[in-house]
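Just so it is clear: chains get the letters A, B, ... in the order the sequence lines come, proteins before strands, and each one is counted from 1.
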Protein chains: 2
Amino acid sequence: MTLETDAKTTKVPIRRDPDASRQRILAAATEMFAEQGLDGARVDEIADRSGMNKRMLYHYFGNKEELFGAVLEELYETICRESTKLDLGTGSPPEAMQRLVDFALNFYLDNPHAMTLLNNANLHKARHLKQSGRVRSIHEPFEDMIKALLDRGVANGDFRGGLNAARLYITIVGLTYYYLSNGHTLSLVYDRNLYDRKELRAWREHMHDVIARFVSADQPAANL
Amino acid sequence: MTLETDAKTTKVPIRRDPDASRQRILAAATEMFAEQGLDGARVDEIADRSGMNKRMLYHYFGNKEELFGAVLEELYETICRESTKLDLGTGSPPEAMQRLVDFALNFYLDNPHAMTLLNNANLHKARHLKQSGRVRSIHEPFEDMIKALLDRGVANGDFRGGLNAARLYITIVGLTYYYLSNGHTLSLVYDRNLYDRKELRAWREHMHDVIARFVSADQPAANL
DNA sequence: GGCGTAAGTAACTAAATAGTTATTTCAGGC
DNA sequence: GCCTGAAATAACTATTTAGTTACTTACGCC
């Protein structure tokens, strides 16, 4: 960063920056926990990767478990921040629904960390997140956005009525998440690489198809 | 104590049973790995729980990683064994498809271990299964069964053509798996317990609905 | 019945690992 | 300028952990 003019001194003064230090630790921890899981991750390596002293990790976060909690909370914030960029109020409802599907798939493609982190959170029955309490409020606006889209689609005659926003969302993310998170074992079973471009493109189209048919008020385009 | 034939005085002879010993270790390991993950599980505790000496674990399985591999392989065998019990050749195609969906959901409900084990396998990019090679052959008959069902449904006029068996299967398991595996964080987000009977029943119906609409040749009846 | 091998045991070890202690260094308010 | 508390460091420790060693005990085969 910015350098002082005193190059002649024997000791290079250490520029302090608490916020940046905290953030660097959090970033290194996110990476490590995602790669190795909560128990597989090593505190010493997190410290090394962040370029910070291990003691600082305890200074800012208390202990390994709380650090993991902080990582998860930040993850939910990221999910929320990205989610609200989506404007589902414009375009035709079916087209907006496609954008919602694309958003979910793109998000987890761009944030591969997210899945292993969430898997670990669930392995521990989400106890690291239960303390937070913020999770719910973080999700709410997103939920409302989907509800509004469904209402708009029904009013429009594109979507059928009685659809549940939460179930729709779990469906979309489920299709994304399982494919990507279990892609290694699935690739083994099906003897091909589910992560390559062609396979991913096919899966995206498949998801569009499944969701379109699910919400559609009438026979989905196929062959009528 | 000069009596020599008394069983309880000197020593109780230990009955040996290699197969049973191996199996007990494997069962204890399955439990532990499922609860705590590969890195969270402790070799000493696996030994304790199985009632065996830790040395036996190394005798039968080599080391912790290979033991984990053995657990995963056994899991795939279980999945295969259960799968082939399904007879999708009888009943109407839509009814058989419903049974397939129920099978997936029931399997993961009855084998909660399976999901955390598979999550761990994927966290380590399935490297523990790559050695096995049996995985693919284990899956094949199941794949064929689904293909046959799809063909039957198309011939029947119930299902549309051009459906891909692998994608259908991934879709069904994805809907099951994500809901159950990430139920803890989802329950937090939606502020209700997704594992209770009512929620589970609703999700089962939702899955039937999604799949029925996906495979249907025509407009699926509104509330089948 | 005795003999070789596999099953089983207890106690050990070397390396890791989460968390601490004691101490120094900087930044900003007065 | 200087003083206080937060930021940072290096070296340490008490445990834990996967894996071993050296040994004993039962089973099956001739």
Side-chain angles (χ1 to χ4, degrees), chain A residues 1-29 32-33 35-71 120 124 127-128, chain B residues 4-5 7-29 32-33 35-71 120 124 127-128:
Chain A
M1 314 306 171
T2 51
L3 208 56
E4 291 278 67
T5 50
D6 57 334
K8 59 193 170 187
T9 50
T10 49
K11 221 171 202 174
V12 178
I14 298 139
R15 310 291 312 166
R16 294 186 176 191
D17 192 341
D19 288 355
S21 296
R22 218 191 104 100
Q23 205 49 44
R24 286 173 68 187
I25 293 170
L26 207 54
M32 263 249 86
F33 285 134
E35 278 171 27
Q36 309 276 356
L38 170 57
D39 292 299
R42 296 299 156 221
V43 172
D44 288 82
E45 196 176 338
I46 293 171
D48 278 358
R49 288 200 197 183
S50 69
M52 305 296 296
N53 187 281
K54 182 167 58 154
R55 187 67 188 78
M56 285 296 92
L57 192 152
Y58 291 93
H59 178 62
Y60 286 115
F61 297 98
N63 59 39
K64 191 186 182 183
E65 300 253 316
E66 286 181 61
L67 176 57
F68 185 63
V71 165
N120 262 276
H124 296 277
R127 72 163 201 272
H128 299 89
Chain B
E4 61 288 331
T5 49
K8 63 190 166 192
T9 49
T10 49
K11 213 172 228 175
V12 179
I14 297 139
R15 311 290 316 163
R16 292 187 176 194
D17 192 341
D19 288 355
S21 295
R22 217 191 104 100
Q23 205 49 44
R24 286 174 67 187
I25 293 170
L26 208 54
M32 264 248 87
F33 284 134
E35 279 172 26
Q36 309 276 358
L38 170 57
D39 293 299
R42 295 300 157 221
V43 172
D44 289 83
E45 196 176 337
I46 293 171
D48 278 357
R49 286 200 197 181
S50 69
M52 306 294 297
N53 187 283
K54 181 168 59 155
R55 186 67 188 79
M56 285 296 92
L57 192 153
Y58 289 94
H59 179 61
Y60 287 116
F61 298 98
N63 59 38
K64 190 186 182 183
E65 300 254 316
E66 287 181 60
L67 175 57
F68 185 62
V71 165
N120 262 277
H124 296 275
R127 72 163 202 271
H128 300 90

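Annotation: salt bridge (charged side-chain N to carboxylate O under 4.0 Å, His left out) contacts of A/E65 (sequence neighbours excluded): A/R127. Residues passing the ring pair (Phe, Tyr, Trp, His ring centres under 6.0 Å) test with B/F68 are B/F33, B/H128, sequence neighbours excluded. Scored by the side chain to side chain contact (heavy atoms under 4.5 Å, CB included) test, B/H59 finds B/R55, B/M56 as partners (sequence neighbours excluded). Applying the side chain to side chain donor-acceptor pair (under 3.5 Å) rule to B/R24 yields no partners; only residues at least two apart in sequence or on another chain are considered. Listed by chain and number, the residues in a salt bridge (charged side-chain N to carboxylate O under 4.0 Å, His left out) with B/K54 are B/D44 (sequence neighbours excluded).
Consecutive Watson-Crick or G-U pairs involving DNA chain C, each under 3.5 Å on both distances, make up stems of three or more pairs at C:1-30 with D:1-30.
For DNA chain D, the residues of residues 38-56 of chain B within the heavy-atom distance limit of 4.0 Å (strictly under) are B/A41, B/R42, B/V43, B/D44, B/K54, B/R55, sorted by number. Residues from residues 57-68 of chain B that place a heavy atom under 4.0 Å from any atom of DNA chain C, listed by number: B/H59, B/Y60.
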* Before giving the answer on side-chain contact (heavy atoms from CB on, under 4.5 Å), spell out for A/L26 and A/Y60 the whole-Å C-alpha distance, their side-chain angles and the decisive distance to 0.1 Å. => CA-CA 10 Å; A/L26 207 54; A/Y60 286 115; over 6 Å; no

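When side chains are defined from C-beta on, B/L67 counts as touching B/I46, because their heavy atoms get closer than 4.5 Å. Annotation: side chain of B/M32 is not in contact with side chain of B/V71 (no heavy-atom distance under 4.5 Å).
OP1 or OP2 of C/dG8 lies within a sub-4.0 Å distance of a side-chain N or O belonging to B/S21.
One distance of note links CG of A/D48 with OG of A/S50; it measures 8.0 Å at 0.5 Å rounding.
Of all heavy-atom pairs between A/R42 and A/D39, the closest is NH1-O, 3.1 Å.
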